[in-house]
Amino acid sequence: MTAQVRKLSISVPPDVAERLEQEPNASAYITQAVRDRMRLDALDAELAHAGIEVTEQGVAEARARRAAVEAEWTSQRRQALRDRVRQHLRDEVDDSPRQSVA
C-alpha cells in the first residue's frame, strides 16, 4: 500500500530553486525539511508550555557561547577526546560478559 500524496505547486526564490534542482528527489528533500521544522515547532510549543520562551536573542546568545567554547578546543584536544571515547568503548566491549552459544 502506498501513502497518499498531494501534488502542490510552490514558488521559491532563485537560490532555493537552484538548491532543489541539485537534489535527485526534491519532493523528499522538501518533505524532510518541513518535517524537521514541524519537530522544531513542536519543541518550541513544549518549551513554551513549560514556561521557557525561545527568542531570537536567546538563540543568538547560546550560539555565541557555543562558538566561544568550540574556539577554545584545538583539533588535538578534540582528537584526544575521540581517542578516549573509543578506548572506553573498547574497554566496555572487552569487559562485557561473553554469552555462550548453546
Asks: Around atom CD of Gln79, are there more than 12 heavy atoms of other residues, nucleotides or ligands at under 6.0 Å?
Replies: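 Yes, CD of Gln79 has more than 12 neighbouring heavy atoms, counting only those of other groups under 6.0 Å.
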Asks: Are Ile52 and Val59 connected, step by step, through hydrophobic side chains (Ile, Leu, Val, Met, Phe, Trp, Tyr) whose heavy atoms are closer than 4.5 Å?
Replies: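 Cluster IDs for Ile52 and Val59 match.
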Asks: Between Asp83 and Gln87, does any side-chain donor sit less than 3.5 Å from a side-chain acceptor?
Replies: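 No, no side-chain donor-acceptor pair sits under 3.5 Å.
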Asks: Working to the nearest 0.5 Å, report the span between CD of Glu92 and NE2 of His88.
Replies: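 Result: 3.5 Å between the selected atoms.
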Asks: How long is the span from the CD atom in Glu61 to the OG1 atom in Thr55, to the nearest 0.5 Å?
Replies: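 Here the interatomic distance stands at 7.0 Å.
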Asks: Below 4.0 angstrom, N of the basic side chain to O of the carboxylate: do Arg37 and Asp41 qualify?
Replies: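 Here Arg37 pairs with Asp41 in a salt bridge, since their nearest N and O are under 4.0 Å apart.
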Asks: Under 4.5 Å between side-chain heavy atoms, counting indirect links through other Ile/Leu/Val/Met/Phe/Trp/Tyr residues: same cluster for Met38 and Ile30 or not?
Replies: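 Yes, because Met38 and Ile30 connect within a single hydrophobic cluster, where side-chain heavy atoms sit under 4.5 Å apart.
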Asks: For Leu20 versus Ala26, what's the shortest heavy-atom pair and its separation?
Replies: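 Reported closest heavy-atom pair: O-CB, 3.9 Å.
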Asks: Under 4.5 Å between side-chain heavy atoms, hopping through other hydrophobics if needed: is there a path connecting Val34 to Ile10?
Replies: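 Yes, one cluster joins them.
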Asks: Does Arg63, at its CZ atom, have more than 12 non-hydrogen atoms belonging to other residues, nucleotides or ligands within less than 6.0 Å?
Replies: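 Incorrect, the count does not exceed 12.
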Asks: Are Val85 and Trp73 connected in a single hydrophobic cluster, I mean Ile/Leu/Val/Met/Phe/Trp/Tyr linked by side-chain heavy atoms less than 4.5 Å apart?
Replies: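 Yes, because Trp73 and Val85 connect within a single hydrophobic cluster, where side-chain heavy atoms sit under 4.5 Å apart.
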Asks: Determine whether the side chains of Glu18 and Gln22 contain a donor N or O and an acceptor N or O closer than 3.5 Å.
Replies: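 Side chains of Glu18 and Gln22: no pair found under 3.5 Å.
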Asks: Tell me the closest heavy-atom pair linking Arg78 and Glu70, and the distance in Å.
Replies: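 Closest approach of Arg78 to Glu70: NH2-O, 3.3 Å.
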Asks: Between Leu8 and Val5, is there a shared hydrophobic cluster once you connect ILVMFWY residues whose side-chain heavy atoms come closer than 4.5 Å?
Replies: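 No.
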